[in-house]
Number of protein chains: 2
Amino acid sequence: MVTIGDVAKAAGVSRSTVSYALSGKRSISPEVRERVETVIRSLNFTPNAGARALATSQTNVIALLAQFLTDEFAPAMLQYILGVTDRARELGYDTLMVTEEDGVKALKRISDSRMVDGFVLLNVAEHDERLNLLRTAVQPGALIGLPSDPHGLDVFDLDFAAAGRLMVDRLYGLGHREMVLVSQPQHVVERGGAYVWRLANAAHSRAEELGARLHTYFGASAQPEIGADLHRFLDAHPGATGLLLNNEAAAAALPSVLQTRHLRAPDDLSVIGRYSDDFARTFSLPYSAVDSAAAELGRRAVEQLVRHIENHTSDHVVELIPPVITERGSVGAPPPAHDLR
Amino acid sequence: MVTIGDVAKAAGVSRSTVSYALSGKRSISPEVRERVETVIRSLNFTPNAGARALATSQTNVIALLAQFLTDEFAPAMLQYILGVTDRARELGYDTLMVTEEDGVKALKRISDSRMVDGFVLLNVAEHDERLNLLRTAVQPGALIGLPSDPHGLDVFDLDFAAAGRLMVDRLYGLGHREMVLVSQPQHVVERGGAYVWRLANAAHSRAEELGARLHTYFGASAQPEIGADLHRFLDAHPGATGLLLNNEAAAAALPSVLQTRHLRAPDDLSVIGRYSDDFARTFSLPYSAVDSAAAELGRRAVEQLVRHIENHTSDHVVELIPPVITERGSVGAPPPAHDLR
DNA sequence: CTGAAAGCGCTTACAG
DNA sequence: CTGAAAGCGCTTACAG
């Protein structure tokens, strides 16, 4: 391989000069710089990453810890991942993708061996075992997902509570007084998926404040079970004119459920979901929805992480992205029979 | 940080002894080994990855180059990725996930800087620009996807030609004599997605051999366009009793298309697709299909790559996985009106 | 503006 | 069975 020594020899300068020409950390005479750069190009020299990491204690790599839980909707993960890898690259970092089952073990191994400059954690649970380890690690960490105790870490998440309120407000404002909310399955909550109840609780409180009725349910996270669930929930509340979905599988199953029931949105039922625009596009889902902002969350997490790595800050942030509804025309006034009574 | 020197000092031995205790590359007296291991544990020593890479020219990292093309069905990618990352970890390797637009540039940067020991390429096109570079790289490379010239590289792919024949054979054997094949969009082919015509051509030849009629079409790769496409294709061939799908979006759209047309599979129309079991599960697709074997291909690519990295072989392989149909009960005899004539 | 040298934390021939 | 030392390819104070 061609080393910095080869470049130095060919350019007739010292290795330090080549190094400084590369980094720009001290001034170099134009002629020498020109000569060095020419040689670098002609020899196709690229610094050895391991050597550089050893000398600088910087790897220019971040780790992305993602867990693929069988009951989570996997395709939704891809947007977060792409948000992270793409933004990291723009900022000069490569991404080590870690999908090990045992996140604690993986974190320890990678942190201790100094393979990366920082961590982005996906799928953060309310009481996440990885967090204590991450707090003691020498590398900074950014989370996508709000844990109960975020101290010492940077946290990015959708403001699920605000999302719940927004969904209720949107339908209430159009005249809906009875609604059904379908959440992720209960075991997602039990595993620490706090976003489920953050949205549900806030939606419930807001409905109460407004004097509207909101029936909340856990639905399955896969087809065809979720289809049967949806039928059951709708059967149970014939007076409900609004449907709120915090469950990707439910959104994907809804078109055929509505078709079977001969219902159209928004004429017969107003529907509002919570999923990514990309998900909507892939499955051509016709429902207005609070955007998950997956790629955006991935990007912000990386940006903050890099800020820490490069010492532009030592403060920690908890950023909850305000919910935004992407309108797709599935919400409207309730049908006349159910009009404001 | 705790270094090998700290361990050596605490154990009262030389650094080389600690190193050898770690690697097992030379025999150590039981007492010394015991002592060293105790210290390693108590000091929580993990070797510095950069230093080790510099000394050994081995990083224990592989790169996974994935391109997320907007017209490709992104969720299908995840299975390949997980197959790669999980198997790599089992074999002692971490995975650098590279999603850069410019695959050639990324490959060059990562190869030249010696960040990884090998490459796995996803989305390999027929005439893939990355391949020449990969052939000259010092690190070995394994491809998922068959290019026109695989020399000097390891290739893993589904045997799409055999898949095409198998799909036709399966329906022909049940009595179908007129079928429709819906492929990915034409621009996927133009970009070098050879699997599209490999399946289509083989299916076509086999149909011809058998004296059956096969109408082949390119369909959109997104909803709702693909739904309209499907209606169009079915309208054009009222006598067709079998439908072959080499297009994930088409499979996802088909249930509602059939519902609209009041058709049931297999009673009115036999349907056979080509997609992953995971995809089928996620969307509860009720159609028998040739499994994409995504995770399996990812695993095999990694295994062969590691074999090269660790010098267990210098031979190159082209492995085309034989197609296997996962039966889901969507194929049967043609309806009476269309029976063997 | 530039060079010689030390040092990053490992591994591995070399020597005993 | 074990240790002292060289070397991997960089960066960066130190000196001029």
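Each chain gets a letter, A, B and so on, in the order the sequences are listed, and its residues count up from 1.
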Can you see whether [X] engages [Y] through a side-chain donor-acceptor pair at a distance of less than 3.5 angstrom?
X	Y	result
A:His308	A:Thr313	no
A:Thr99	B:Asp86	yes
B:Gln67	B:Asn123	no
B:Asp117	B:Gln58	yes
B:Ser276	B:Gln79	no
A:Ser14	A:Thr17	yes

Send over the distance from [X] [atom1] to [N] [atom2], rounded to a whole Å.
X	N	atom1	atom2	value
A:Arg114	C:dG9	CZ	P	9 Å
A:Met115	C:dC10	CE	C1'	15 Å
A:Lys9	D:dC10	NZ	P	13 Å
B:Leu43	C:dG9	CG	C1'	15 Å
A:Arg52	C:dG7	CZ	P	22 Å
A:Ile4	C:dA4	CD1	C1'	14 Å
B:Leu54	D:dA6	CG	C1'	13 Å
B:Asn48	D:dC10	CG	C1'	13 Å

So that I can tick it off, tell me whether A:Arg135 and A:Asp149 are bridged by a salt bridge, with the cut-off set at under 4.0 angstrom between side-chain N and carboxylate O.
yes

Could you tell me whether B:Glu37 and B:Arg33 have a side-chain N and a carboxylate O separated by less than 4.0 Å?
yes

One pair to check against salt bridge (charged side-chain N to carboxylate O under 4.0 Å, His left out): B:Arg300 and B:Asp154. What are the steps and the verdict?
CA-CA 10 Å; B:Arg300 288 209 202 179; B:Asp154 292 305; over 6 Å; no

Pick the closest DNA chain D nucleotide for B:Pro30 and for A:Pro47 by heavy atoms, then say which residue is nearer the 5' end.
B:Pro30

The residue, B:Val18 or A:Ala51, whose nearest nucleotide of DNA chain C is more 5′ is A:Ala51

For nucleotides 12-16 of chain D, which of its nitrogen or oxygen atoms have a protein nitrogen or oxygen under 3.5 Å away, and what is each distance?
{"unit_1": "D:dT12", "atom_1": "OP1", "unit_2": "A:Lys25", "atom_2": "NZ", "d": "3.3"}
{"unit_1": "D:dT12", "atom_1": "OP2", "unit_2": "A:Lys25", "atom_2": "NZ", "d": "3.1"}
{"unit_1": "D:dA13", "atom_1": "N7", "unit_2": "A:Tyr20", "atom_2": "OH", "d": "3.3"}
{"unit_1": "D:dA13", "atom_1": "N6", "unit_2": "A:Tyr20", "atom_2": "OH", "d": "3.3"}

According to a strict under-4.0 Å criterion, is A:Thr3 in side-chain N/O contact with OP1 or OP2 of D:dC8?
no

In what stems does DNA chain D take part, counting only runs of at least 3 consecutive Watson-Crick or G-U pairs whose two distances fall under 3.5 Å?
C:1-3 with D:14-16, C:5-12 with D:5-12, C:14-16 with D:1-3

